[in-house]
Amino acid sequence: MSRIVNIAIGQLGPIARADSRQQVVKRLCDLMREAHACGSHLIVYPELALTTFFPRWYMESDEEINSFFEREMPSAATQPLFDLSRELGVGFYLGYAELASEQGKAVRYNTSILVNRQGEIVGKYRKVHLPGHREHEPWRRFQHLEKRYFTPGNHFGVTHAFGGKIGMAICNDRRWAETYRVMGLQGVEMVLIGYNTPVHNAPAPQHDDLSLFHNQLSMQAGAYQNGTWVVGVAKAGMEEGVDGIGGSCIIAPSGEVLANCITKGDEVAIARCDLDFCEVYKRTTFNFDAHRQPQAYGMIVERRGEMLMADGSGVVS
Ligand code: CDV
(Lines give C-alpha, C1' and ligand atoms only; values in the text may rest on other atoms or scores of the structure.)
Protein backbone atom coordinates (compact mmCIF):
# COMPACT_ATOMS: atom_id res chain seq x y z
CA MET A 1 0.00 0.00 0.00
CA SER A 2 1.24 3.46 -0.92
CA ARG A 3 2.60 5.49 1.95
CA ILE A 4 2.31 8.76 0.04
CA VAL A 5 -0.47 11.09 1.18
CA ASN A 6 -1.12 14.11 -0.98
CA ILE A 7 -2.20 16.70 1.56
CA ALA A 8 -4.10 19.89 0.88
CA ILE A 9 -4.36 22.80 3.24
CA GLY A 10 -7.93 24.15 3.03
CA GLN A 11 -7.35 27.55 4.61
CA LEU A 12 -10.42 29.74 5.13
CA GLY A 13 -10.67 33.49 5.14
CA PRO A 14 -13.12 35.17 7.51
CA ILE A 15 -16.65 33.87 8.16
CA ALA A 16 -19.17 36.56 9.11
CA ARG A 17 -21.64 36.01 11.93
CA ALA A 18 -24.48 36.34 9.44
CA ASP A 19 -23.09 33.69 7.05
CA SER A 20 -25.22 30.54 6.87
CA ARG A 21 -23.86 27.00 7.19
CA GLN A 22 -24.85 26.49 3.53
CA GLN A 23 -22.67 29.41 2.42
CA VAL A 24 -19.70 28.10 4.37
CA VAL A 25 -20.14 24.51 3.18
CA LYS A 26 -20.13 25.79 -0.40
CA ARG A 27 -16.74 27.42 0.27
CA LEU A 28 -15.44 24.18 1.79
CA CYS A 29 -16.66 22.26 -1.27
CA ASP A 30 -14.93 24.73 -3.61
CA LEU A 31 -11.66 24.20 -1.73
CA MET A 32 -12.14 20.41 -1.88
CA ARG A 33 -12.68 20.54 -5.66
CA GLU A 34 -9.48 22.57 -6.06
CA ALA A 35 -7.58 20.13 -3.83
CA HIS A 36 -8.89 17.22 -5.90
CA ALA A 37 -7.79 18.91 -9.13
CA CYS A 38 -4.29 19.04 -7.60
CA GLY A 39 -4.37 15.31 -6.86
CA SER A 40 -5.02 15.54 -3.10
CA HIS A 41 -6.18 12.61 -0.96
CA LEU A 42 -6.94 14.61 2.19
CA ILE A 43 -7.85 18.25 2.81
CA VAL A 44 -7.46 19.88 6.22
CA TYR A 45 -9.85 22.67 7.24
CA PRO A 46 -9.54 25.01 10.26
CA GLU A 47 -10.89 24.89 13.81
CA LEU A 48 -14.61 25.84 14.13
CA ALA A 49 -14.78 25.92 10.35
CA LEU A 50 -18.57 26.17 10.01
CA THR A 51 -19.15 29.49 11.78
CA THR A 52 -17.47 32.68 12.79
CA PHE A 53 -15.16 32.34 15.83
CA PHE A 54 -17.97 33.00 18.34
CA PRO A 55 -15.91 32.74 21.60
CA ARG A 56 -14.97 36.37 20.94
CA TRP A 57 -18.43 37.34 22.26
CA TYR A 58 -19.88 37.04 25.75
CA MET A 59 -23.27 35.35 25.61
CA GLU A 60 -25.60 34.09 28.33
CA SER A 61 -28.55 32.68 26.42
CA ASP A 62 -28.28 28.92 25.74
CA GLU A 63 -30.33 29.40 22.61
CA GLU A 64 -27.88 31.97 21.24
CA ILE A 65 -24.82 29.90 22.21
CA ASN A 66 -26.26 26.69 20.79
CA SER A 67 -26.92 28.37 17.44
CA PHE A 68 -23.18 28.04 16.77
CA PHE A 69 -23.16 24.29 17.58
CA GLU A 70 -23.88 21.13 15.56
CA ARG A 71 -26.22 18.55 17.07
CA GLU A 72 -25.38 15.96 14.42
CA MET A 73 -22.62 15.29 11.95
CA PRO A 74 -23.27 15.04 9.09
CA SER A 75 -26.32 17.29 9.21
CA ALA A 76 -28.52 18.42 6.34
CA ALA A 77 -26.25 21.45 5.92
CA THR A 78 -22.96 19.52 5.97
CA GLN A 79 -24.10 16.45 3.99
CA PRO A 80 -22.98 18.00 0.65
CA LEU A 81 -19.37 18.03 1.90
CA PHE A 82 -19.56 14.32 2.79
CA ASP A 83 -21.20 13.55 -0.57
CA LEU A 84 -18.47 15.44 -2.44
CA SER A 85 -15.79 13.68 -0.40
CA ARG A 86 -17.15 10.28 -1.48
CA GLU A 87 -17.60 11.41 -5.10
CA LEU A 88 -14.05 12.79 -5.41
CA GLY A 89 -12.29 10.34 -3.09
CA VAL A 90 -10.92 13.18 -0.96
CA GLY A 91 -10.95 12.77 2.82
CA PHE A 92 -11.05 15.69 5.22
CA TYR A 93 -10.38 17.05 8.72
CA LEU A 94 -13.07 19.46 9.86
CA GLY A 95 -13.31 21.48 13.07
CA TYR A 96 -16.73 22.41 14.46
CA ALA A 97 -18.59 23.13 17.70
CA GLU A 98 -20.24 19.90 18.88
CA LEU A 99 -23.34 19.76 21.08
CA ALA A 100 -23.23 16.25 22.53
CA SER A 101 -25.73 14.53 24.78
CA GLU A 102 -24.25 12.57 27.70
CA GLN A 103 -26.54 10.82 30.19
CA GLY A 104 -29.31 13.11 29.05
CA LYS A 105 -27.17 16.24 29.60
CA ALA A 106 -26.00 18.62 26.88
CA VAL A 107 -22.20 18.95 26.73
CA ARG A 108 -20.36 21.33 24.41
CA TYR A 109 -17.03 20.46 22.83
CA ASN A 110 -14.60 22.09 20.40
CA THR A 111 -14.30 19.11 18.07
CA SER A 112 -12.65 17.85 14.91
CA ILE A 113 -13.43 14.82 12.80
CA LEU A 114 -11.39 12.82 10.33
CA VAL A 115 -13.30 11.59 7.28
CA ASN A 116 -11.86 8.94 4.95
CA ARG A 117 -11.89 8.93 1.14
CA GLN A 118 -15.26 7.14 1.18
CA GLY A 119 -16.85 10.05 3.03
CA GLU A 120 -17.06 8.12 6.36
CA ILE A 121 -16.13 9.54 9.77
CA VAL A 122 -13.19 7.47 11.05
CA GLY A 123 -11.95 9.64 13.92
CA LYS A 124 -13.19 12.27 16.36
CA TYR A 125 -11.14 14.51 18.66
CA ARG A 126 -12.26 16.97 21.36
CA LYS A 127 -9.94 19.89 22.12
CA VAL A 128 -7.97 19.32 25.32
CA HIS A 129 -6.29 22.70 25.89
CA LEU A 130 -9.01 25.37 26.05
CA PRO A 131 -7.46 28.85 26.25
CA GLY A 132 -9.00 32.08 27.43
CA HIS A 133 -11.42 32.73 30.28
CA ARG A 134 -14.88 31.92 31.63
CA GLU A 135 -16.41 35.27 32.57
CA HIS A 136 -16.89 38.55 30.76
CA GLU A 137 -13.68 40.62 30.83
CA PRO A 138 -14.63 44.04 29.42
CA TRP A 139 -11.02 45.33 29.53
CA ARG A 140 -10.21 43.12 26.53
CA ARG A 141 -10.69 44.46 22.98
CA PHE A 142 -12.53 41.19 22.34
CA GLN A 143 -13.29 38.16 24.46
CA HIS A 144 -11.81 34.65 24.26
CA LEU A 145 -14.43 32.59 26.10
CA GLU A 146 -13.49 29.04 25.18
CA LYS A 147 -13.40 28.07 28.88
CA ARG A 148 -17.02 29.24 29.14
CA TYR A 149 -18.43 27.58 26.04
CA PHE A 150 -16.57 24.26 25.92
CA THR A 151 -15.79 21.26 28.13
CA PRO A 152 -12.21 20.01 27.65
CA GLY A 153 -11.59 16.71 25.94
CA ASN A 154 -9.39 14.19 27.75
CA HIS A 155 -7.70 12.07 25.13
CA PHE A 156 -5.18 12.34 22.29
CA GLY A 157 -5.81 9.34 20.07
CA VAL A 158 -4.37 8.16 16.79
CA THR A 159 -6.44 6.72 13.93
CA HIS A 160 -5.25 4.20 11.35
CA ALA A 161 -6.26 5.88 8.09
CA PHE A 162 -4.78 7.05 4.78
CA GLY A 163 -2.24 4.21 5.03
CA GLY A 164 -0.72 5.54 8.26
CA LYS A 165 -1.29 6.75 11.83
CA ILE A 166 -3.11 10.06 11.88
CA GLY A 167 -3.57 12.27 14.95
CA MET A 168 -5.65 15.39 15.51
CA ALA A 169 -5.25 18.46 17.68
CA ILE A 170 -6.96 21.86 17.71
CA CYS A 171 -5.41 25.31 17.86
CA ASN A 172 -4.03 25.97 21.37
CA ASP A 173 -3.06 22.27 21.63
CA ARG A 174 -0.28 22.96 19.12
CA ARG A 175 1.63 25.08 21.66
CA TRP A 176 1.97 22.19 24.14
CA ALA A 177 4.75 19.62 23.87
CA GLU A 178 2.52 17.04 25.58
CA THR A 179 0.07 17.09 22.66
CA TYR A 180 2.62 15.79 20.19
CA ARG A 181 4.46 13.48 22.60
CA VAL A 182 1.32 11.60 23.68
CA MET A 183 0.57 10.97 20.01
CA GLY A 184 4.25 10.34 19.28
CA LEU A 185 4.12 7.52 21.83
CA GLN A 186 1.33 6.01 19.73
CA GLY A 187 3.56 6.21 16.65
CA VAL A 188 1.76 9.12 15.03
CA GLU A 189 2.91 9.91 11.50
CA MET A 190 0.79 12.96 10.71
CA VAL A 191 -0.85 15.45 13.09
CA LEU A 192 -3.67 17.59 11.68
CA ILE A 193 -4.34 20.91 13.42
CA GLY A 194 -6.94 23.57 12.63
CA TYR A 195 -6.67 26.95 14.33
CA ASN A 196 -8.12 30.45 14.88
CA THR A 197 -5.43 32.68 16.33
CA PRO A 198 -6.01 36.40 16.76
CA VAL A 199 -2.93 38.51 16.02
CA HIS A 200 -3.67 40.42 19.25
CA ASN A 201 -3.05 38.52 22.47
CA ALA A 202 -4.85 40.55 25.16
CA PRO A 203 -3.00 39.21 28.24
CA ALA A 204 0.40 39.67 26.52
CA PRO A 205 0.18 42.28 23.73
CA GLN A 206 3.98 42.35 23.55
CA HIS A 207 3.63 38.95 21.79
CA ASP A 208 1.47 40.31 18.97
CA ASP A 209 4.43 40.81 16.64
CA LEU A 210 5.52 37.22 17.27
CA SER A 211 2.18 35.50 16.56
CA LEU A 212 3.25 33.94 13.27
CA PHE A 213 6.67 33.01 14.61
CA HIS A 214 5.18 31.21 17.65
CA ASN A 215 2.69 29.42 15.41
CA GLN A 216 5.39 27.95 13.21
CA LEU A 217 7.90 27.42 16.03
CA SER A 218 5.46 25.22 17.99
CA MET A 219 4.50 23.06 15.04
CA GLN A 220 8.05 22.67 13.74
CA ALA A 221 9.24 21.58 17.19
CA GLY A 222 6.35 19.10 17.52
CA ALA A 223 7.09 17.62 14.11
CA TYR A 224 10.85 17.23 14.58
CA GLN A 225 10.78 16.01 18.18
CA ASN A 226 8.30 13.27 17.34
CA GLY A 227 9.34 12.42 13.78
CA THR A 228 5.92 13.26 12.37
CA TRP A 229 4.31 15.33 9.67
CA VAL A 230 2.30 18.30 10.99
CA VAL A 231 -0.36 20.16 9.02
CA GLY A 232 -1.53 23.46 10.52
CA VAL A 233 -4.50 25.26 8.97
CA ALA A 234 -5.82 28.72 9.83
CA LYS A 235 -9.07 30.54 9.63
CA ALA A 236 -7.38 33.81 8.77
CA GLY A 237 -8.00 37.47 8.14
CA MET A 238 -10.24 40.20 9.50
CA GLU A 239 -13.29 38.44 10.95
CA GLU A 240 -15.93 40.57 12.68
CA GLY A 241 -13.28 43.21 13.48
CA VAL A 242 -10.66 40.76 14.79
CA ASP A 243 -7.56 40.05 12.73
CA GLY A 244 -6.54 36.37 12.64
CA ILE A 245 -3.12 35.10 11.61
CA GLY A 246 -2.66 33.00 8.48
CA GLY A 247 0.55 30.99 8.31
CA SER A 248 -1.07 27.67 7.35
CA CYS A 249 1.68 25.19 6.53
CA ILE A 250 2.74 21.59 6.06
CA ILE A 251 5.81 20.58 8.07
CA ALA A 252 7.95 17.50 7.46
CA PRO A 253 9.36 15.25 10.23
CA SER A 254 12.64 17.07 9.64
CA GLY A 255 10.97 20.22 10.95
CA GLU A 256 11.15 21.84 7.52
CA VAL A 257 8.17 23.69 6.04
CA LEU A 258 7.26 22.01 2.77
CA ALA A 259 4.28 24.15 1.72
CA ASN A 260 2.46 27.18 3.03
CA CYS A 261 -0.35 29.60 2.21
CA ILE A 262 0.51 33.09 1.05
CA THR A 263 -2.81 34.88 1.65
CA LYS A 264 -5.26 35.34 4.52
CA GLY A 265 -8.24 34.20 2.46
CA ASP A 266 -9.67 30.93 1.15
CA GLU A 267 -6.60 29.17 -0.26
CA VAL A 268 -5.35 25.70 -1.09
CA ALA A 269 -1.69 24.72 -0.71
CA ILE A 270 -0.48 21.18 -1.26
CA ALA A 271 2.37 18.80 -0.52
CA ARG A 272 3.22 15.21 -1.32
CA CYS A 273 3.91 13.61 2.07
CA ASP A 274 5.74 10.30 2.37
CA LEU A 275 4.76 8.76 5.71
CA ASP A 276 7.86 6.55 5.54
CA PHE A 277 9.97 9.70 5.94
CA CYS A 278 9.03 9.61 9.66
CA GLU A 279 11.01 6.43 10.13
CA VAL A 280 14.52 7.88 9.97
CA TYR A 281 13.69 10.25 12.89
CA LYS A 282 11.71 7.70 14.90
CA ARG A 283 14.52 5.13 14.67
CA THR A 284 17.50 7.43 15.35
CA THR A 285 17.54 10.71 17.30
CA PHE A 286 13.98 10.19 18.56
CA ASN A 287 14.02 6.44 19.08
CA PHE A 288 11.86 6.69 22.20
CA ASP A 289 12.48 3.12 23.29
CA ALA A 290 16.25 3.57 23.21
CA HIS A 291 16.58 7.08 24.59
CA ARG A 292 13.59 8.29 26.65
CA GLN A 293 13.93 8.31 30.46
CA PRO A 294 10.35 8.20 31.74
CA GLN A 295 11.48 7.71 35.37
CA ALA A 296 12.68 11.35 35.23
CA TYR A 297 9.43 12.72 33.81
CA GLY A 298 6.96 11.92 36.63
CA MET A 299 6.17 15.57 37.37
CA ILE A 300 4.62 16.00 33.95
CA VAL A 301 1.57 14.02 35.03
CA GLU A 302 1.85 14.48 38.81
CA ARG A 303 1.27 18.23 38.78
CA ARG A 304 -0.34 20.88 36.62
CA GLY A 305 1.56 24.06 37.54
CA GLU A 306 5.07 25.15 38.40
CA MET A 307 6.18 24.22 41.92
CA LEU A 308 7.44 26.58 44.62
CA MET A 309 11.24 26.27 44.90
CA ALA A 310 13.06 26.00 48.22
CA ASP A 311 14.19 29.64 47.89
CA GLY A 312 10.56 30.74 47.60
CA SER A 313 10.73 31.46 43.89
CA GLY A 314 8.33 30.00 41.38
CA VAL A 315 4.58 29.89 41.21
CA VAL A 316 2.23 27.98 43.46
CA SER A 317 -0.42 26.35 41.27
N1 CDV B 1 -8.44 29.15 19.24
C2 CDV B 1 -7.35 29.15 20.03
O3 CDV B 1 -7.08 28.18 20.73
N4 CDV B 1 -6.60 30.28 20.04
C5 CDV B 1 -5.45 30.47 20.89
C6 CDV B 1 -5.25 31.93 21.20
C7 CDV B 1 -6.29 32.44 22.11
C8 CDV B 1 -3.92 32.19 21.84
C9 CDV B 1 -4.18 29.90 20.26
O10 CDV B 1 -3.42 29.22 20.97
O11 CDV B 1 -3.90 30.20 19.10
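Residues: numbered from 1 along the sequence shown. As the structure lists them, so they are numbered: ligands from 1, and atoms in each ligand from 1. Since we're looking at a predicted model, the values are computed, not measured.
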As a check for students: among K127, E47, R175, identify the option with a heavy atom nearest to atom 3 (O) of ligand 1. K127
Against heavy atoms of N172, which atoms of ligand 1 measure under 4.0 Å? 3 (O), 9 (C), 10 (O)
Counting the benzene-type ring for Trp, do F156 and Y180 have ring centres under 6.0 Å apart? no
Do the rings of F68 and F54 sit parallel, tilted or perpendicular, given the 30° and 60° boundaries? parallel
Looking only at non-hydrogen atoms, which of C171, P203, G194 approaches atom 2 (C) of ligand 1 most closely? C171
Identify the closest protein heavy atom to atom 7 (C) of ligand 1: which residue and atom is it, and at what distance? H144 CE1, 3.2 Å
Atom 11 (O) of ligand 1: the protein heavy-atom neighbour that sits closest, reported with distance to 0.1 Å: T197 OG1, 2.6 Å
For ligand 1, which atoms have a heavy atom of E146 less than 4.0 angstrom away? 1 (N), 2 (C), 3 (O)
Does R17 qualify as a cation-pi partner of W57, given the criterion of NZ or CZ under 6.0 Å from the six-membered ring centre and within 45 degrees of its axis? yes
Using a 4.0 Å cut-off to any heavy atom of F53, which atoms of ligand 1 qualify? 1 (N)
Verify whether the ring centers belonging to H41 and F92 lie closer than 6.0 Å. no
Walk me through whether K282 and E189 qualify under salt bridge (Lys or Arg N to Asp or Glu O under 4.0 Å). CA-CA 10 Å; K282 289 187 189 293; E189 294 170 308; over 6 Å; no
Using a strict threshold of under 4.0 Å (side-chain N to carboxylate O), is an ion pair present between E102 and R108? no
Does H129 come within less than 4.0 Å of ligand 1, judged by its heavy atoms? no
Take every heavy atom of N196, measure it against each atom of ligand 1, and state whether any distance is under 4.0 Å. yes
Is there a heavy atom in G132 that sits closer than 4.0 Å to ligand 1? no
Assess whether a salt bridge exists between K127 and E47, defined as any Lys/Arg side-chain N lying under 4.0 Å from an Asp/Glu carboxylate O. yes
